[in-house]
Amino acid sequence: SKNVLLSKFKGALVGAVLGDCIGSEFEGLWAKSIGVEKVLKSIGKLESEYDPATDGRKADKQDMLLRDYTDDTAMARSVAQSLIENKGFDAKHMAKMFSEEYFKDPYRGYGGSIITVFSKLKDAEFADPYKPAAEQFDGEGSYGNGGAMRIVPAPLFAYRQNDVQHLTLIEAKSKREATPFDFPYASITDDIRKYALQDDLPSTEEITGNLGTDISAYRSVPTAVYSFLRASKHIDKLEDRNSFEKTIIYAITLGGDTDTIATMAGAIAGAWYGIEAIPKSWQASCESVEDALKFAEQLYELSSTSE
Ligand code: R7I
Ligand code: MG
Ligand code: MG
Ligand code: MG
């Protein structure tokens, strides 16, 4: 019998990797200069490299480099590996893995400020793993979307620990007095719902303006959630694509932080639709997909034994 849950674990991790590998080509571009045709062209190229007979790349394409992942996947790999190795969360170990991975391979497009955290962690020999991040931006911490882009292995690991809380409660906890701005994510859910349900596709300007496509978490996580929801409806020029494919392609057409928004949207779509919805051709052309499948199995094993 088909293991639906395992398929979702695989879909989440592979979806995230593919959003990163496919989206990174467009990172930092304005939506206006991307357009759905350009994204389809890039994906078409990747699909033309695939040979269904061998479930791999065509013989004459095997020497071509795989599409490489960026910091989004590099850090998610560390989260997964650390949780698997320790059978749980060990802050010091995870911090060490982030930092070592960065110094081993620093050219993965890391955020401009997080590299300071890696250096401080290393210099202090990981003594206080929370301190360097807490010191960022005069003690306010970073509002970058890095936390969201790499988190996927954690909910998989903790799948059976039903302690997910309501957004409003989480946001209220950290605040003294409630104003709408104190609930940045809870207050944007109405917009997400409106744009996702609206019959006509909202204009790209409306989405980039109101939800955002930048490197802040606040102006990219809602966009990723919206992209996933929107992709279950009709989108012009994507009629022959399934909803997973539409999620990734549509998220990228919004421009800006395309690798990260497509990573987050791809993780949600992969978890929802399962690994079967993710084209084999996409999987064969991107670095780290095999590891993502392996991590998914390991996290699945851990989550089923930790009941
Ligand atoms: O959050 P982070 O890991 O960045 C992730 C992004 C993704 O797009 C990746 O693909 C990669 O390209 O980077 O890294 P940070 O360095 O913590 O945050 C990213 C940037 O957000 C910083 O370099 C700052 O420019 C900006 N930023 C802030 N600026 C002012 N005040 C983050 N927090 C602040 C702030 O509090
Ligand atoms: Mg590269
Ligand atoms: Mg990146
Ligand atoms: Mg990015």
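The figures here come from the full heavy-atom set of this structure, side chains too, leaving out hydrogens, waters and symmetry mates. What you see is a predicted model; the values in this text were computed from it and never measured. Both ligands and their constituent atoms are indexed starting at 1 by order of listing.
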So, [X] versus [Y]: side-chain donor-acceptor pair below 3.5 Å or not?
X	Y	value
N145	Y218	no
S42	E25	yes
S220	D257	no

Would you check the N or O atoms of [X], main chain and side chain alike, for any that come under 3.5 Å of an N or O of ligand 1?
X	answer
Y110	no
G147	no
I114	yes
E140	no
E27	yes

Heavy atoms only: which of [options] lies closest to [atom]?
atom	options	value
atom 3 (O) of ligand 1	G109, G146, G28	G146
atom 4 (O) of ligand 1	G111, A133, S113	G111
atom 10 (O) of ligand 1	D72, D138, T73, D20	D72

### Task
Would you please classify the geometry between the F118 ring and the F98 ring as parallel, tilted or perpendicular, with 30° and 60° separating the classes?
tilted
### Task
Mark up the atoms of ligand 1 that fall under 4.0 Å of a heavy atom belonging to D71, in ascending order.
9 (C), 10 (O), 11 (C), 13 (O)
### Summary
min-distance protein heavy atom vs atom 5 (C) of ligand 1 -> N145 OD1, 3.2 Å
#### Entry: Sub-4.0 Å heavy-atom approach of G141 to ligand 1
yes
### Message
I need the protein N, O or S atoms closer than 2.8 Å to the Mg ion (ligand 4), given as residue plus atom name.
### Response
E27 OE2, D257 OD1, D259 OD1, T260 OG1
